[in-house]
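Atom set for the values below is all heavy atoms of this structure, side chains included, hydrogens, waters and symmetry mates excluded. Computed from a predicted structure; not experimentally measured.
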Amino acid sequence: MTVLKTSMRNFVAHKGRMALSAVAVLLSVAFVCGTLVFTDTMNTTFDKLFQATASDVQISAKSASDTGETTSRTGKPPVLPASVVGEVRGARGVRSAEGTVFSTSVTVVDADKDKLSPSSGGPTIVGSWNGNDARTMEIASGTAPKGPGQVMVDADTADRHGLKRGDEIGLITALGTHHARVSGIAAFKVTNPGAAIFYLDTRTAQQTLVGRTGVYTNVNVTAAKGVSDEQLKKNVVAVLGRDYKVQTAKEVADANQKQLQSFLDVMKYAMLGFAGIAFLVGIFLIVNTFSMLVAQRTREIGLLRAIGSSRKQVNRSVLVEALLLGVTGSVLGVGAGVGLAIGLMKLMGQMDMKLSTDDLTVAWTTPALGLLLGVVVTVLAAYLPARRAGKVSPMAALRDAGAPADARAGAVRAVLGLLLTAGGGWSLYAAATADKAKTGSGWLGLGVLLTLIGFVVVGPLLAGALVRVLGAVLLRVFGPVGRMAERNALRNPRRTGATGAALMIGLALVACLSVVGSSMVASATDQLDKTVGTDFIVQEDNGQVITKQAVRAVKDTPGVARVTEYKLLDATLTTPDGRTVPKETINAADPTYAQDVRTKTVAGSLADAYAPDSMSVFEGFAEDHGIKLGSTVTVRFEDGGTAKLTVRAITSDEAVVDKGAMYASIATVATYVPADRMPLDDLLFVTAEDGREKAAYQALKSALHEFPQYTVRDQTDYKQELKDQIGQLLNMIYGLLALAIIVAVLGVVNTLALSVVERTREIGLMRAIGLSRRQLRRMIRLESVVIAVFGALLGLGLGMGWGATAQKLLALEGLNVLDIPWPTITGVFIGSAFVGLFAALVPAFRAARMNVLNAIATD
């Protein structure tokens with residue numbers, strides 16, 4: 001009980017000094033709990049949606065995906081005959097059956113040709129209004145669509161784009177553009193996370209999406225009272241046989257949830273990873289806090305030992321303080337995490353992904369995990385300072401606070417740190433010289449871990465060396481004040497090393513990712529320059545195919561010299577070694593593709609692969625199956641017949657553009673695939689007439705004005721888009737790393753604040769002999785700057801080493817250019833100095849306000 005009382009009194013007495021450590025715990029726990037609540041809420045929202053929208057049993061074509069999305073490369077959804085509805089109605093346990101038509105391969109535009117698709121990346125769905133939709137939607141205004149001139153839109157999309165009844169919209173499919181006016185607006189009875197949904201009457205949907213009546217994409221079956229979904233499925237299969245895909249509501253919901261879960265898992269674990277980094281940085285803050293508190297209370301602890309307190313009691317007293325800190329920070333962090341999740345939901349709402357607080361999900365495991373993590377991490381971080389406190393002898397009561405550290409322990413630490421760093425450096429070298437990316441990535445991970453731990457352990461040794469260098473370069477110009485700042489930073493190298501290491505971790509990751517991202521952009525740009533020989537590429541950014549009308553518009557554009565069509569076909573291959581390889585993709589193109597994309601070959605010429613009944617394979621495939629020039633491969637096209645094609649070229653695995661592709665000519669493929677099953681183009685490669693590139697570029701954009709789903713890009717556009725995409729990804733990662741950097745800044749603030757308290761008498765004496773308040777503030781600011789710059793030098797140097805090694809692995813995949821983003825690195829370094837200045841503002845202000853006489857009288 002005495003230990004608890006002592007701990008409580010110490011905790012309350014030093015609550016101001018504990019505050020920043022508590023904030024670090026709060027932020028880290030909040031990030032973990034916020035991530036879990038946010039992803040659980042998304043799961044709940046989609047679960048409700050999938051369960052509400054699924055019929056008891058759903059029937060679709062055999063080739064349809066489990067989630068029901070359109071997969072056909074013809075741009076039309078897979079269908080089943082309308083006769084299936086009549087057959088199903090005769091099955092036992094069926095109360096009703098209704099045929100529906102829907103497609104996700106549709107672009108919807110308003111009267112100004114602006115897309116009405118969600119900016120969140122959610123699907124655009126066009127389908128027939130049916131009884132199953134009527135269960136989950138209610139018509140808020142107007143009427144359901146009747147006839148080809150009417151369409152109904154969901155309320156969220158209408159609000160987002162300002163649509164109202166009577167507005168004209170265009171529905172662009174592979175068959176052309178269908179125009180209709182809004183007849184009604186329907187609202188979801190459950191939360192719609194972000195899909196844009198448009199309803200037509202059944203006949204119009206059939207003609208618009210499929211091109212003929214008498215077919216459906218799905219049949220929704222409702223069970224009679226007392227009949228389970230599983231039993232109904234068995235009864236339906238008994239009537240229809242195995243020619244169609246039959247799924248229960250649960251199976252459809254599970255398939256949709258499984259597809260969503262892969263995305264949510266990546267997001268959740270990535271965010272938890274950044275929370276883990278923040279926890280790691282927080283450990284340094286907590287270790288520093290308790291180390292300094294123990295040092296400041298050395299005389300107090302010595303007195304406790306002198307009057308009979310055991311080592312265990314002193315140790316336990318410090319750990320109980322850490323427990324109180326962990327519990328306080330964690331409880332507040334759990335509450336802040338729920339608020340963070342709600343904030344993320346509001347942010348997603350601004351990005352067209354609607355999430356309702358009615359679905360807010362806080363599982364009991366979330367606060368339990370947050371509390372457990374916060375408390376365990378805090379207590380573990382305080383263990384070493386607590387152990388050090390237990391070693392304080394009763395004689396320490398006769399000495400000044402802050403007894404010198406154990407020199408032997410410092411030597412052991414330095415040797416251990418150097419060994420770890422050397423081991424990490426060797427691992428990075430092994431990664432950089434690896435022959436295979438998979439092997440190298442393992443060495444890279446080990447190297448990153450060992451060098452990081454090594455730098456943390458050897459931090460005090462590095463602090464002593466680097467701070468002297470920084471002092472000579474940065475601080476000596478400030479005269480005696482600069483020299484005092486240098487000596488203050490060197491006074492306790494262990495503390496300076498730990499404070500700098502906290503900042504080092506976040507900045508090392510920033511530097512590493514900057515090097516990798518910049519190298520990827522530079523390498524891809526270099527590959528585009530070397531590989532792509534065409535002037536323009538036309539494509540649909542969401543993976544939709546290019547209609548025949550759009551192809552004709554491109555070919556008729558003035559200033560265009562040639563157009564290369566490019567299609568993808570699924571096929572099963574039988575190789576010369578007798579093995580069958582299912583689900584391979586054949587890239588069919590016009591022969592001019594060999595001029596548009598300069599693909600390196602290890603045998604033969606790519607142009608020869610476009611001869612009749614010829615093809616190419618890639619190097620790895622050829623080695624695995626014993627294929628050489630002249631070998632025959634049997635190709636069974638999924639939507640056509642079987643061909644025996646001769647291998648005329650083997651492409652290099654070093655290619656970046658279309659790596660691992662197998663080529664054949666469209667003319668060869670057309671011999672074996674019926675015209676009505678031939679897929680539409682995925683891409684068009686367009687080459688302008690000599691000297692007319694700029695005019696052709698503008699003419700192409702004008703020609704495709706009626707096809708707003710397609711984008712025309714030249715090489716400059718592609719390079720800029722690549723740079724923007726990687727830049728956006730890096731900015732998002734930097735935003736997540738900002739939490740760790742904020743915690744590190746709190747560590748600098750806390751170290752300086754406690755250091756000021758520790759040096760109260762010293763500050764009073766310096767003020768008494770003439771040091772002005774301005775000089776005192778400058779001294780503390782300079783000390784903060786040198787600590788921050790020390791951490792930045794370690795982090796940036798370490799991160800650039802990691803990034804350069806990672807680029808060597810990327811080079812094995814064809815990304816050969818190492819590019820160091822010096823503007824970013826320089827900006828981060830300069831920013832670190834400003835971080836130091838910012839962190840010193842409050843400690844310097846408080847130090848300057850000290851009463852000189854009271855400070856001198858302080859024990």
Pairwise distance CD1(Ile666) to OH(Tyr593) - rounded to 0.5 angstrom: 11.5 Å
Spacing of OG1 belonging to Thr634 relative to CG belonging to Leu573, to within rounding of 0.5 Å: 9.0 Å
Sidechain-backbone polar pair: Thr173 side chain, Thr208 backbone, donor-acceptor under 3.5 Å: yes
Heavy-atom pair of closest approach, residues Phe707 and Ala703: CD1-O, 4.1 Å
Any donor-acceptor N/O pair, Asp154 side chain to Ile197 backbone, under 3.5 Å: yes
Pairwise salt bridge (charged side-chain N to carboxylate O under 4.0 Å, His left out) hits with a residue in residues 604-613, at least two apart: none
Pairwise side-chain contact, Gln539 with Arg713, heavy-atom cut-off 4.5 Å (strictly under): yes
Distance, nearest 0.5 Å, that separates OG of Ser519 from CG of Asp819: 5.5 Å
Distance (rounded to the nearest 0.5 Å) between Lys567 NZ and Ile546 CD1: 9.5 Å
Residue pair Ala664 / Met615: nearest heavy atoms and the distance that separates them: CB-CB, 4.4 Å
Point-to-point distance, once rounded to the nearest 0.5 Å, from OG1 of Thr711 to CG of Leu700: 12.5 Å
Flag for Thr202-Tyr216: side-chain donor and acceptor within less than 3.5 Å: no
Donor-acceptor contact present, side-chain Thr580 to main-chain Thr574, <3.5 Å: no
For Tyr610, ring pair (Phe, Tyr, Trp, His ring centres under 6.0 Å) partners two or more places apart: none
Contacts of type salt bridge (Lys or Arg N to Asp or Glu O under 4.0 Å), residue Glu693, not counting sequence neighbours: none
Pair Asp577 + Arg579: basic N to acidic O under 4.0 Å: yes
Side-chain donor/acceptor of Thr217 to backbone N/O of Phe102, under 3.5 Å: yes
Side chain Ser616, main chain Ile650, donor-acceptor under 3.5 Å: no
Closest non-hydrogen atom pair, Ser105 against Ser103: N-OG, 3.1 Å
Student check: side-chain heavy atoms of Ile537 and Val686 closer than 4.5 Å: no
Whether Ser523 side chain and Val817 backbone form a donor-acceptor pair below 3.5 Å: yes
Other residues, nucleotides, ligands: >12 heavy atoms within 6.0 Å of Asn731 CG: yes
Side-chain donor/acceptor of Gln58 to backbone N/O of Val246, under 3.5 Å: no
Close side-chain approach of Thr671 and Pro612, heavy atoms under 4.5 Å: no
Side chain to side chain contact (heavy atoms under 4.5 Å, CB included) between Thr213 and Gln207, worked out: CA-CA 6 Å; Thr213 58; Gln207 293 174 331; 3.9 Å; yes
Test log, rule side chain to side chain contact (heavy atoms under 4.5 Å, CB included), inputs Tyr710 and Val554: CA-CA 11 Å; Tyr710 305 127; Val554 169; over 6 Å; no
Sub-4.5 Å side-chain heavy-atom contact between Asp658 and Thr599: no
Donor-acceptor contact below 3.5 Å, side chain Thr107 vs main chain Ile172: no
Any side-chain donor near an acceptor of the partner, Thr564 and Thr592, under 3.5 Å: yes
Nearest heavy atoms of Val126 and Leu209, plus distance in Å: O-CD1, 3.4 Å
Straight-line distance of Lys694 NZ to Asp714 CG, nearest 0.5 Å: 11.0 Å
Residue pair Phe637, Ile586: steps toward the side chain to side chain contact (heavy atoms under 4.5 Å, CB included) verdict: CA-CA 9 Å; Phe637 293 101; Ile586 300 296; 4.3 Å; yes
Minimum side-chain heavy-atom gap Glu706-Lys113 below 4.5 Å: yes
Results of ring pair (Phe, Tyr, Trp, His ring centres under 6.0 Å) for Tyr672 - residues two or more places apart only: none
Steps toward side chain to side chain contact (heavy atoms under 4.5 Å, CB included) verdict (Val532, Tyr718): CA-CA 11 Å; Val532 178; Tyr718 257 103; over 6 Å; no
All pairs passing salt bridge (charged side-chain N to carboxylate O under 4.0 Å, His left out) where residues 663-677 contributes a residue, at least two apart: none
Heavy atoms from other residues, nucleotides or ligands near NZ of Lys438 exceed 12 (cutoff 6.0 Å): no
Neighbour count above 12 (heavy atom, 6.0 Å) for Asp690 CG: no
For the student: nearest non-hydrogen atoms of Ser665 and Ala611, plus distance: OG-O, 4.4 Å
Heavy-atom closest pair, residues Leu513 and Tyr734: C-OH, 4.3 Å
More than 12 heavy atoms from other groups under 6.0 Å of CZ on Arg636: no
Pairs flagged by salt bridge (charged side-chain N to carboxylate O under 4.0 Å, His left out) wherever residues 588-601 is involved - sequence neighbours left out: Arg562-Asp596, Lys600-Glu654
Close side-chain approach of Asp724 to Glu721, heavy-atom, < 4.5 Å: no
Side chains of Ser614 and Thr668 in contact at under 4.5 Å (non-hydrogen atoms): no
Side-chain (Asn256) to main-chain (Val252) donor-acceptor, under 3.5 angstrom: yes
Under 3.5 Å: donor-acceptor pair, side chain of Lys719, backbone of Thr525: no
Val515 side chain near Pro821 side chain, heavy-atom distance below 4.5 Å: yes
